[in-house]
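Note that the numbering runs from 1 along the sequence shown for the chain.
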Amino acid sequence: MTTGALTAAGFLWQSTITPDNGYIPGVLGPAILISIGGGPLNAPLTTTVTSGVAEHDAEAASGLMNTAKQVGGALGAVGLSGRDLTLRT
């Protein structure tokens, strides 16, 4: 199984969380899969992002990639929490 598939499986598992889930099946299990799958993706992703960039701009490109990942994650969390609030009302 590739690391991307492990990460996707973790996110899929995480999407099934309900208020009745305990910590291990609801949080820890998916987090472990996401970590095992996502960790090895960082180096190849950074190499891909910075490979076509001039050497003096590589640090800026890497920083932009990291910022985009953080902002994307934050926006995703906001979107999902908004969806959750809509479903509960």
Side-chain angles (χ1 to χ4, degrees):
M1 191 179 256
T2 66
T3 57
L6 277 173
T7 304
F11 282 122
L12 182 64
W13 185 0
Q14 193 176 45
S15 72
T16 64
I17 294 174
T18 66
D20 299 326
N21 286 124
Y23 175 75
I24 291 176
V27 177
L28 184 62
I32 289 172
L33 282 182
I34 293 167
S35 298
I36 291 171
L41 291 175
N42 283 326
L45 180 61
T46 303
T47 301
T48 302
V49 167
T50 59
S51 65
V53 178
E55 188 174 329
H56 64 277
D57 290 331
E59 291 176 6
S62 178
L64 180 61
M65 178 201 67
N66 287 322
T67 301
K69 284 177 17 181
Q70 293 295 320
V71 170
L75 291 175
V78 167
L80 289 175
S81 64
R83 178 195 64 101
D84 187 48
L85 290 174
T86 302
L87 293 175
R88 288 183 185 207
T89 57

Worksheet item: Residues sharing Leu75's hydrophobic cluster, by side-chain heavy-atom contacts under 4.5 Å among ILVMFWY, directly or via others?
Response: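 For the cluster that includes Leu75, the remaining residues are Val71.
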
Donor-acceptor list for residues 38-58 side chains, cut-off 3.5 Å, not counting sequence neighbours:
residue : atom : partner : partner atom : Å
Asn42   : OD1  : Lys69   : NZ           : 2.8
Thr46   : OG1  : Asn42   : O            : 2.9
Thr47   : OG1  : Ala43   : O            : 2.9
Thr48   : OG1  : Pro44   : O            : 2.8
Thr50   : OG1  : Thr46   : O            : 2.8
Ser51   : OG   : Thr48   : O            : 3.1

Item to complete: For residues Leu12 and Ser15, report the shortest heavy-atom separation together with the two atoms involved.
Response: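 Closest approach of Leu12 to Ser15: O-OG, 2.5 Å.
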
Run the side-chain donor-acceptor check on residues 17-36: report pairs under 3.5 Å with partners two or more places apart or on a different chain.
residue : atom : partner : partner atom : Å
Thr18   : OG1  : Asp20   : N            : 3.4
Thr18   : OG1  : Asn21   : OD1          : 3.2
Asn21   : OD1  : Thr18   : N            : 2.5
Ser35   : OG   : Ala31   : O            : 2.8

